[in-house]
Amino acid sequence: MIPLTPPVEIPPTAGLPAEWRDLLAFSGDLAQRLSDWLRIPRPALTCSGTAALIIALRELQRRHPDRTRIIVPAYTCPLVALAAFYCPPLSVVPCDLAAGGIDMDTRRLAVLCDRQTLAVVVTHLAGRVADVDSALRIAAAAGAAVIEDAAQAMGGRDGGNSVGLKGDIGFFSMALGKGLTTAEGGVLFSRDPALHQALIQSCRRELPLSVGWELRRVAELWGYRLFYRPRGLYWVYGKALRAALARGDAVAAVGDDFTVQSIPLHRLGRYRQRVGAGAVLRLPDFLQQGKQRALARVALLRQLPGVGVINDNPGGQGVWPFILVLMPNAASRDAAMNCLWTAGLGVTRLFIHALGGYPAVLPLLAPADATPCADDFAARSLSITNSPWLTDRLFAEVLLRLRAALV
Ligand SMILES: *Cc1c(COP(=O)(O)O)cnc(C)c1O
């Protein structure tokens with residue numbers, strides 16, 4: 001059965017579609033609306049989540065110039081490690097994951113975290129609420145800070161508060177495909193008033209306006225309005241995906257092929273802030289519907305023998321841009337991808353490798369030990385979009401193909 005009539009491509013994540021009235025907005029204060037909705041301090045807005053992380057790291061470096069390492073989960077977005085390039089002499093220590101999940105192995109973390117550690121980065125991967133408490137405890141013992149990478153988790157709650165408020169610093173991403181988008185953008189804040197003010201000042205000082213980048217991003221945002229639908233995405237995303245897979249380049253297929261040159265540093269322009277301010281008003285409802293859809297589907301996925309679904313830590317209420325699935329072994333994951341990756345159904349892989357697998361990241365890594373659980377996670381995981389365009393009928397087709405891949 002061919003469930004979709006090509007050429008169509010359902011997006012790999014549940015991005016909030018833009019509307020014309022967002023693009024034609026003359027007013028609207030994005031920082032204030034985010035602050036009101038999420039009950040976070042009025043945040044600094046940057047050109048990307050990575051830029052927010054760089055500003056955060058630089059601020060911490062000013063306070064602790066003797067600390068030269070950050071610890072990050074060994075399976076995370078390569079941009080997180082590449083951020084260290086802009087904060088010399090910082091190097092990155094990948095911490096292995098606990099088996100079968102996205103959290104860092106707390107025993108490894110306790111060994112790695114020491115007086116050289118500037119910060120521990122905890123990542124709410126896939127919108128799932130990660131374990132911040134353990135990191136806080138371990139970091140406090142070494143005098144290190146905790147940064148919450150909530151790039152994929154805007155709207156997620158941890159113990160009733162927004163993610164990003166437990167750690168010393170939190171940030172969200174507004175890149176294409178991450179829920180709310182300004183075609184790249186970042187949101188930076190701290191629960192600590194003095195640190196928060198320092199972050200706001202750093203952004204003012206260190207992030208210039210870049211007319212060139214701004215024009216490019218505005219064009220991308222209009223492109224998002226025009227093409228972010230199954231028929232449009234086939235042309236702007238599906239074709240490149242298929243071409244990359246045909247050459248056997250999985251890293252390019254998922255857009256993981258970042259280098260330090262992929263990270264401009266500038267501010268988020270006023271116009272794009274207004275566009276985001278219009279869109280953010282629709283986000284709470286969109287996330288709520290997404291959550292209902294995802295929870296029903298998670299229950300169905302859990303019935304597949306040996307298949308795991310990543311969930312929130314206790315007390316967490318995450319968001320669902322996509323569902324992160326762990327197949328029983330690498331062979332079944334690869335079999336599933338063989339029949340799903342180019343099916344247009346929004347099934348893809350998150351990051352192809354653990355951090356050590358990216359040549360651009362290697363020069364920034366501190367000498368580190370093996371990360372077998374992160375490697376295993378990369379080998380067994382796949383993601384299923386939570387886009388509303390993946391209807392129940394199409395999701396049933398995904399389930400069928402996953403089940404077939406298990407034998
Ligand atoms: C996307 C992402 C980032 C970086 O955000 P950008 O806005 O793309 O720079 C950081 N961490 C994680 C987990 C991400 O998914």
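In each ligand, atom 1 is the first atom listed, and ligand 1 is the first ligand listed.
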Next on the checklist: Going by side chain to side chain donor-acceptor pair (under 3.5 Å), name the pairs with one or both residues in residues 330-352, residues two or more places apart or in two chains.
Outcome noted: Asn329-Ser332, Trp341-Thr348

Next on the checklist: Check Arg191 with Asp168, please: is the shortest side-chain N to carboxylate O separation under 4.0 Å?
Outcome noted: yes

Next on the checklist: Tell me whether the NZ or CZ atom of Arg128 lies within the 45° cone about the ring axis of Trp320 and under 6.0 Å from its centre.
Outcome noted: yes

Quiz: residues 228-239 side-chain donor-acceptor pairs under 3.5 angstrom, not counting sequence neighbours:
residue	atom	partner	partner atom	Å
Tyr228	OH	Thr13	O	3.1
Tyr228	OH	Gly15	N	2.9
Arg229	NE	Leu226	O	3.4

Next on the checklist: If the threshold is 4.0 Å, N to carboxylate O, is there a salt bridge linking Arg42 and Asp29?
Outcome noted: yes

Checklist outcome for this item: Heavy-atom contacts under 4.0 Å to ligand 1, chain-then-number order, include exactly Ser48, Gly49, Thr50, Cys77, Leu79, Val80, Thr123, Asp149, Ala151, Gln152, Ser173, Ala175, Lys178, Glu184, Gly185

Next on the checklist: Please list all pairs meeting ring-ring contact (aromatic ring centres under 6.0 Å, His included) that have one or both residues in residues 32-70, counting only residues at least two apart or in different chains.
Outcome noted: none

